[in-house]
Structure formats: structure tokens, C-alpha cells
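Everything on this sheet refers to the single structure shown next.
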Amino acid sequence: MGNNFYLSRFMNPYFNQRNDKYGGSTENRVRISSEIIKVIKKTMDMHVNCRINPWDVRKGGVTADESIAIACELEKAGADSLQLTARTISQVYDKVKNIHF
């Protein structure tokens, strides 16, 4: 779900411009990932770890507050752990020093 792969783009408001139940609000943008987690938890005895981006360098992308809301939605769906990942080459990564999750 991190590093701008398919599910990450669903969760990111910059990329996800859908007008259906998979777009708009944070809950809707996380919906497909939540549905996948629920199927995994229901059908297999597995630990589900989700990698998410804590913020985005794009205007209109994921902010630190938005990533916390995404993490809460993933937890509600049954995610067992979260791993934060970021593009270390971004200018924002070097400038942001005091983000607390």
C-alpha cells in the first residue's frame, strides 16, 4: 500500500478522483484496502502488515493528519501492524523534522 503502488494511489486524494464508493472521503478511499484486509483475516490465519506513506510531496496529496486517519481505517478493518515508508529523495522529507504520529 505504500511507495505509490496501486493501493497507495487509491488512498491518495491526489490520484483518486473517483465519485463512487471508492473515492472522496478517507473512509471511501481506504475501502478497497479494508475489503482486502477483511477477506484475508476471514479466510486465513495471517498477520496483516500494511505499509503506508506518512505524507506526500504533491499538493492535494496525503498529509500527516490524513495518514493517521488512513491508519485508523486500516486498524478498524483488521490490520495487525503498520509500517511507515517514505520517499527519502523528496524535498519534504528533508524539511519536515517534527512530525509526531
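As a basis for the values below, the full set of heavy atoms in this structure was taken, side chains included, without hydrogen atoms, waters or symmetry mates.
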For [X], is the [atom1] atom crowded, meaning more than 12 foreign heavy atoms sit under 6.0 Å from it?
X	atom1	answer
Asn19	CG	no
Met46	CE	no
Tyr14	OH	no

- Query: Are Tyr6 and Ile36 joined in one hydrophobic group, where the rule is that I, L, V, M, F, W and Y side chains link up if heavy atoms are under 4.5 Å apart?
  - Reply: yes

What is the minimum heavy-atom distance between [X] and [Y], and which atoms define it?
X	Y	result
Gln83	Asn49	OE1-ND2, 3.4 Å
Asn53	Val62	O-CG1, 4.0 Å
His47	Ser81	NE2-OG, 2.8 Å
Ser67	Pro54	OG-O, 2.9 Å

The side chain to side chain contact (heavy atoms under 4.5 Å, CB included) partners of Leu74 (sequence neighbours excluded) come to Met1, Val30, Ser33, Ile37, Cys50, Ile52, Ile70, Ala79, Leu82

> Are Lys76 and Glu73 ion-paired here, with the side-chain N under 4.0 Å from a carboxylate O?
Replying inline: yes

query = What's the verdict on side-chain contact (heavy atoms from CB on, under 4.5 Å) for Glu35 and Tyr22, showing C-alpha distance, side-chain angles and the deciding distance?
reply = CA-CA 11 Å; Glu35 290 173 353; Tyr22 295 99; 3.0 Å; yes

Rounded to the nearest 0.5 Å, the OG1 atom of Thr63 sits from the CD1 atom of Ile68 at a distance of 8.5 Å

[Y] backbone acceptor or donor facing [X] side chain under 3.5 Å:
X	Y	result
Arg29	Met11	yes
Arg9	Asn16	no
Asp56	Gly61	no

**Prompt:** Given the rule in the side-chain contact (heavy atoms from CB on, under 4.5 Å) test, do Val48 and Lys41 qualify, once you have shown the distances and angles that lead to the verdict?
**Reply:** CA-CA 8 Å; Val48 176; Lys41 298 302 282 187; 3.6 Å; yes

Item to check | Side-chain touch Phe15/Arg58, heavy atoms, less than 4.5 angstrom | outcome: yes

- Between Ile32 and Phe10, is a side-chain contact (heavy atoms from CB on, under 4.5 Å) present by the stated rule, with each step listed? CA-CA 8 Å; Ile32 193 166; Phe10 252 92; 3.8 Å; yes

